[in-house]
Enquirer: 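Supplied in structure tokens, the structure appears directly below.
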Amino acid sequence: MALIVKKFGGSSVATTKKIIAVAQRVLDEKKPGDKIVVVVSAMGDSTDDLIELARGIDRDPYKYPREMDMLLTTGEQVSIALLAMAFERFGQKAVSLTGAQVGMQTNSAHTKGKIMEILPERVKKELDEGKIVVVAGFQGVDSLGDPTTLGRGGSDTSAVALAGALKADSCEIFTDVEGIFSADPRICPDARKMQEITYEEMLEMARLGAGVMQPRSVEMGQYFEIPIHVRSTFTSKPGTFIRKEYTMDEKGFVIRGVAHDSKVTKMALIGVPNRPGIAHQVFSALAKENVDVDMIVQSIRNIDQNVTDIVFTIASTDLSAARRVLKPIVAKLDAMDLVIEENVAKVSIVGAGMLGSPGIAARMFGALADESINIDIISTSEISISCLIASDRMMQAVNAIHKEFFPPA
Ligand code: ASP
Ligand code: MG
């Protein structure tokens with residue numbers, strides 16, 4: 001007897017036929033006495049469709065974050081109801097519950113809510129009554145009772161957090177790929193599936209753009225020490241386990257993977273005064289609006305005029321918020337210009353093994369140089385190196401770097 005949380009993404013529940021197949025699969029795998037919670041995303045691309053719908057009202061609907069959450073949470077409400085019906089059709093008792101009903105309490109940062117506490121009493125009660133509990137991913141509720149969402153891809157986080165709160169035996173993330181790969185197999189045909197990866201490395205991969213898992217979900221797994229099994233909806237083969245330490249023979253890799261992120265925007269504040277407190281003003285204003293700033297470079301423009309340029313990158317989805325924040329600052333600081341570049345992408349390598357292995361960065365830059373790809377900004381963490389490049393070279397860059405670190409056998 002086990003308590004298992006299973007999460008199915010949008011592509012796994014894209015049609016009613018697929019929803020029935022999910023129900024069938026869950027029932028096939030269920031052993032007598034197992035307690036099962038199924039977390040689902042909205043059907044197919046319906047979250048994108050809802051965003052498009054909002055664009056019909058205002059081109060920048062994220063200006064109304066509370067209303068965006070009211071709108072986007074409807075997507076998951078559709079899929080949970082249908083999946084619960086599918087279970088019932090097979091004679092399995094089931095109940096669908098929203099984020100609020102499962103006690104997924106978040107702060108009020110609409111469209112990027114953070115889970116504060118989970119009080120899953122209702123879930124436990126329904127499980128005890130022998131029901132499969134079908135939970136709307138991606139959503140929570142704030143202290144006012146308003147629906148919130150956890151950021152795009154947030155259903156992963158819902159699933160792992162709920163698994164943690166319920167002290168589940170495992171959390172399985174079903175997706176349309178077979179696991180975690182050393183690069184995105186859609187753009188890098190040589191990418192290899194990993195048997196396992198540590199939370200730390202997966203977190204870095206996810207943060208740097210590996211789309212399979214939302215970064216916060218990996219953080220949740222790490223926090224609760226819940227092993228996460230990322231596996232395919234369409235086969236029963238094992239996928240990739242995300243856990244604290246390696247248990248199989250995959251340790252010893254210097255680099256675990258190559259990540260890329262095309263949803264990056266570069267902003268440059270040109271010619272701001274070179275004196276204490278300026279960077280603080282700029283970045284605290286951005287932080288107040290929840291804009292995540294990533295790579296930051298400050299450089300001297302003109303010694304005589306004593307001005308500098310502050311260049312940084314943000315997630316493209318934060319562009320309108322960042323623009324709004326920076327406009328008055330540009331005026332106040334009498335900056336020369338605010339330059340926005342959207343045609344940029346970030347490619348990164350990740351691996352705990354690079355600690356204490358000199359020459360890794362040089363190899364990455366060499367792979368890019370061989371393809372004549374120019375590096376705009378470089379940033380590093382303990383276990384990663386990232387380069388900002390032109391977005392139209394991204395695919396070439398990922399393949400070149402992958403080949404350098406994972407030479408074809
Ligand atoms: N439906 C939401 C999205 O598309 C959440 C998710 O799929 O995880 O971002
Ligand atoms: Mg989705």
Side-chain angles (χ1 to χ4, degrees), residues 5-15 18-19 22 37-55 61-62 65-83 96-100 102 104 106 109-115 118 134-141 147-164 171-177 180 184 202-203 205-207 209-221 228-233 239 242 261-263 290 292 315-318:
V5 175
K6 295 171 182 260
K7 180 257 169 178
F8 290 86
S11 54
S12 307
V13 293
T15 61
K18 288 187 172 175
I19 290 176
V22 164
V37 176
V38 185
V39 176
V40 278
S41 300
M43 293 171 73
D45 295 328
S46 59
T47 304
D48 290 321
D49 298 342
L50 289 169
I51 295 170
E52 255 332 284
L53 194 61
R55 289 218 168 96
Y62 280 96
R66 181 189 178 278
E67 303 312 326
M68 282 307 275
D69 279 353
M70 192 60 87
L71 178 69
L72 297 186
T73 47
T74 63
E76 271 70 14
Q77 222 168 303
V78 172
S79 46
I80 53 169
L82 295 175
L83 182 56
S96 63
L97 297 175
T98 63
V102 301
M104 184 72 69
T106 71
H110 282 289
T111 75
K112 40 172 81 173
K114 238 187 156 150
I115 299 170
I118 306 175
V134 184
V135 174
F138 177 52
Q139 55 178 261
V141 64
T148 54
T149 61
L150 307 177
R152 295 306 306 272
S155 304
D156 295 336
T157 304
S158 309
V160 181
L162 200 53
C171 182
E172 300 178 339
I173 305 285
F174 290 85
T175 173
D176 50 3
V177 291
I180 312 287
D184 184 341
M202 188 61 227
L203 188 56
M205 289 281 286
R207 192 181 71 78
V212 205
M213 296 285 291
Q214 202 202 31
R216 232 181 254 163
S217 67
V218 185
E219 249 167 32
M220 284 288 168
I228 305 170
H229 184 189
V230 181
R231 52 189 297 210
S232 164
T233 310
I242 309 173
D261 189 352
S262 57
K263 298 190 194 86
N290 283 310
D292 249 325
S316 299
T317 42
D318 285 339

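Both ligands and their constituent atoms are indexed starting at 1 by order of listing. When a residue number appears, it is its place in the shown sequence, counting from 1.
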Enquirer: Of all the atoms in ligand 1, which lie at a distance below 4.0 Å from a heavy atom belonging to Arg152?
Expert: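 Those qualifying, in numeric order: 3 (C), 4 (O), 9 (O).
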Enquirer: Between Arg216 and Glu219, is there a side-chain N and carboxylate O pair less than 4.0 Å apart?
Expert: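 Result for this pair is no, no salt bridge flagged.
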Enquirer: Could a heavy atom of Gly154 be found less than 4.0 Å from some atom of ligand 1?
Expert: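 A heavy atom of Gly154 does come that close to ligand 1.
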Enquirer: Decide if atom NZ of Lys18 counts as having more than 12 heavy atoms of other residues, nucleotides or ligands within a radius under 6.0 Å.
Expert: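 Yes.
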Enquirer: So, is Gly153 polar-close to ligand 1, with some N/O to N/O distance under 3.5 Å?
Expert: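 Between Gly153 and ligand 1 (N or O atoms, distance only) the closest approach is under 3.5 Å.
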Enquirer: We want to know whether Asp69 and Thr148 form a side-chain donor-acceptor pair, criterion being a heavy-atom distance below 3.5 angstrom.
Expert: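 No, no side-chain donor-acceptor pair sits under 3.5 Å.
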Enquirer: So, Arg207 and Asp261, do they make that salt bridge, N to O below 4.0 Å?
Expert: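 No, no charged N to carboxylate O under 4.0 Å.
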Enquirer: Please classify the Gln214 to ligand 1 contact at 4.0 Å (heavy-atom distances, strictly less than): side chain, backbone, both or neither.
Expert: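 Looking at Gln214 and ligand 1, no heavy atom falls under 4.0 Å.
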Enquirer: Does some side-chain heavy atom of Leu72 sit less than 4.5 Å from a side-chain heavy atom of Ile51?
Expert: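 Yes, their side chains come closer than 4.5 Å.
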Enquirer: Any nitrogen or oxygen of Ser155, side chain or backbone, less than 3.5 Å from one on ligand 1?
Expert: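 Ser155 vs ligand 1: N/O contact under 3.5 Å present.
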Enquirer: Donor-acceptor check, side chain of Gln214 to backbone of Asp156, threshold 3.5 angstrom: yes or no?
Expert: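 No; zero donor-acceptor contacts below 3.5 Å.
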Enquirer: Provide the number and element of each atom of ligand 1 under 4.0 Å from a heavy atom of Glu76.
Expert: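 Once the distances to Glu76 are compared, the set is 1 (N), 2 (C), 5 (C).
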Enquirer: Does Asp156, backbone or side chain, put an N or O under 3.5 Å from an N or O of ligand 1?
Expert: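 No, Asp156 has no N/O under 3.5 Å of an N/O on ligand 1.
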